[in-house]
Amino acid sequence: MISNIFTDLPDASAEERITELLSRPGIRIEQIVSLGQASPPGFWYDQPQGEWVMVVKGGARLRFEDEPVALHLRAGDFVDIPPHRRHRVEWIDPSQPTVWLAVHYSA
């Protein structure tokens, strides 16, 4: 079966939309579609698993608690987030859907 990450994008105008593309023991792959959403003030993700994430369309700023400056991610940029590395999404492009590919994996 062939699928395309850009086909039938869910409407993310009200909230970020997460679609599981594949799940196997120790790994989960998701499509995330965002439109201007960001982490709430003071909120930090602190996940028990690792996460490799890539912006495939759009743009975002990702901030790590232990770094003074947010990373500006554009289409094609990716980052590996180790377990328990606190991070937050500071900004997502409000003018177009931002499509992420997220791979969650066991440490």
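Remember, predicted model here, so these are calculated numbers, not experimental data.
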Margin query: Strictly distance-based, threshold 3.5 Å: is any side-chain N or O of S34 a donor or acceptor partner for the main-chain N or O of E16?
Written below: no
Out of curiosity, does [Y] fall in the hydrophobic cluster containing [X] (side-chain heavy atoms, cut-off under 4.5 Å, transitive links)?
| X | Y | value |
| --- | --- | --- |
| I92 | V79 | yes |
| V99 | F78 | yes |
| Y105 | W100 | no |

Item checked: Sub-4.5 Å side-chain heavy-atom contact between F6 and K57 ->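 Yes. Closest side-chain heavy atoms under 4.5 Å.
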Check: Side-chain contact, heavy-atom cut-off 4.5 Å: L101 with L21?
Finding: yes
Check: When you look at CG of D8, are more than 12 heavy atoms from neighbouring residues, nucleotides or ligands closer to it than 6.0 Å?
Finding: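 Counting neighbours around CG of D8, 12 or fewer heavy atoms of other residues, nucleotides or ligands fall under 6.0 Å, so no.
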I need the minimum non-hydrogen distance between [X] and [Y], along with the two atoms involved.
| X | Y | answer |
| --- | --- | --- |
| G58 | T98 | CA-OG1, 3.7 Å |
| A70 | R61 | CB-CB, 4.2 Å |
| L35 | P94 | CD1-O, 3.6 Å |
| E65 | W44 | N-CZ3, 3.3 Å |

Notebook entry, point to check: Taking the six-membered ring of F43, is the NZ or CZ of R88 close enough (under 6.0 Å from the centre) and on axis enough (within 45°)?
Noted result: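 No.
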Item checked: Verdict with reasoning, R85 to D46, per salt bridge (charged side-chain N to carboxylate O under 4.0 Å, His left out) -> CA-CA 6 Å; R85 185 162 187 211; D46 185 352; over 6 Å; no
Sequence-distant partners of [X], side-chain contact (heavy atoms from CB on, under 4.5 Å), two or more places apart:
| X | result |
| --- | --- |
| S106 | none |
| A102 | E30, I32, E51, V53, H104 |
| E20 | S23, R28 |

Next item on the list: Give the ring-plane orientation class for H87 versus Y45, where under 30° counts as parallel, over 60° as perpendicular and anything between as tilted.
Entry: parallel
